[in-house]
Structures are given as structure tokens and as C-alpha cells.
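Structure record follows, encoded as C-alpha cells.
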Amino acid sequence: MWAAGCIFAELMVRIPYFQGEQDIDQLGKIFAALGTPTEEQWPDVASLPDYLPFAPSPGTPLKQLFTAAGNDALDLLEKLWTFDPNRRISAVDALAHPYFTNDPAPTPPSQLPRPLPLSHPSKQ
């Protein structure tokens, strides 16, 4: 579900989000944006295997990071990016989130643009 949140964010900003060079850099980018997880947000996080402490960071409100996103999109993103996997939204609950039923409705498939058929060079 975390990865779905990353893809959702990338669709909103149209660039890779949390783009780190390696795992520690990746975590640094996540914590700079969302804040460093606390024991209240993720109980026993410090007891995870290979846990590395990071300097505490408060993070930035998602509304400041995704200025064009509506409240329902921000709420879904926050639930997808919940640090504690036991508290993170499930796939079933994510699909039932109001973001997917609020206006504007999605474009009906019959009205979506269709790719042009591939033309094959004629055999000579």
C-alpha cells in the first residue's frame, strides 16, 4: 500500500517522488517530507532489525507538498503513507475511500482517447 501511495503521488506531481540514490538516502527523503516516525506513530519502530536512528524531523503537511490535491486525495495519501504497516489502510479500504467516488467522476472508458493502430510496412 505504501508503494501505491508513491505511485499516487507521482501521478499528482508527474515526477518520481522520494527518489533516493540508495536505501539510506531514500529514507532520508521520506523522513524529510513526512517527518521521522515516532513511537506513537509506529510502536516499537526502534526494535526493528537493522533500525538506524535519524535526526528527528517534523515533516511538511501534505497540503504544502501537493498544493493542487483536494482534501480527499490528501486523506487517502496520508492513509497510504502511514508508517506503521499495522495501521496503514488496506487495499479493500483504500478502494472504498471517498476519493474514488467524489466528483468529478472518472471519464467513461468509451470517451477515453484510443491509441492509433500500428501501421506495418507492406511487404515488397
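Here the structure is a predicted model, which means the values were calculated and not measured.
Distance check, rounded to the nearest 0.5 Å: CG of N102 to CG of D72 gives 4.5 Å. Note that the CG atom of L65 and the CG atom of L34 stand 7.5 Å from one another [nearest 0.5 Å]. We find the CH2-CZ distance between W42 and R88 to be 7.0 Å, quoted to the nearest 0.5 Å.
Around CD of Q22, the count of heavy atoms belonging to other residues, nucleotides or ligands within 6.0 Å exceeds 12.
Nearest heavy atoms, R87 versus E40: NH1-O, 2.8 Å. Closest approach of G35 and F83 over heavy atoms only: O-CZ, 3.2 Å. Considering all non-hydrogen atoms of both residues, H97 and L76 come closest at NE2-N, 3.6 Å.
Side-chain contact between P37 and F31: present, with at least one pair of heavy atoms (C-beta onward) separated by less than 4.5 Å. Using a 4.5 Å cut-off on side-chain heavy atoms (C-beta onward), L80 and W2 make no contact. With contacts defined as side-chain heavy-atom distances shorter than 4.5 Å, the pair L77/M12 qualifies. I89 is not listed as a side-chain neighbour of T82, based on a closest heavy-atom distance of 4.5 Å or more.
T36 contributes a side-chain N or O that, together with a main-chain N or O of S57, makes up a donor-acceptor pair within less than 3.5 Å. At distances below 3.5 Å, at least one donor-acceptor pair connects side-chain atoms of E10 with backbone N or O atoms of Y17. Side-chain atoms of Q41 come within 3.5 Å of backbone N or O of T38 as a donor-acceptor pair. K63 places no side-chain N or O within donor-acceptor distance of the main-chain N or O of N71, the cut-off being under 3.5 Å.
L95 and L11 fall into different hydrophobic clusters, where Ile, Leu, Val, Met, Phe, Trp and Tyr are joined by side-chain heavy atoms under 4.5 Å apart, directly or via other members. Two different hydrophobic clusters hold L74 and I7 under the rule that ILVMFWY side chains link at heavy-atom gaps under 4.5 Å. Residues Y51 and L27 are members of one and the same hydrophobic cluster, defined by side-chain heavy-atom contacts under 4.5 angstrom among Ile, Leu, Val, Met, Phe, Trp and Tyr.
A salt bridge links D75 with K79: the closest approach of a Lys/Arg side-chain nitrogen to an acidic carboxylate oxygen falls below 4.0 angstrom.
Taking the six-membered ring for Trp and the full ring otherwise, F18 and W81 have centroids separated by under 6.0 Å. Less than 6.0 angstrom separates the ring centroid of Y99 from the ring centroid of F8.
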Contacts under 3.5 angstrom, residues 43-50 side chains, donor-acceptor by atom type, not counting sequence neighbours:
| unit_1 | atom_1 | unit_2 | atom_2 | d |
| --- | --- | --- | --- | --- |
| S47 | OG | D44 | O | 2.7 |

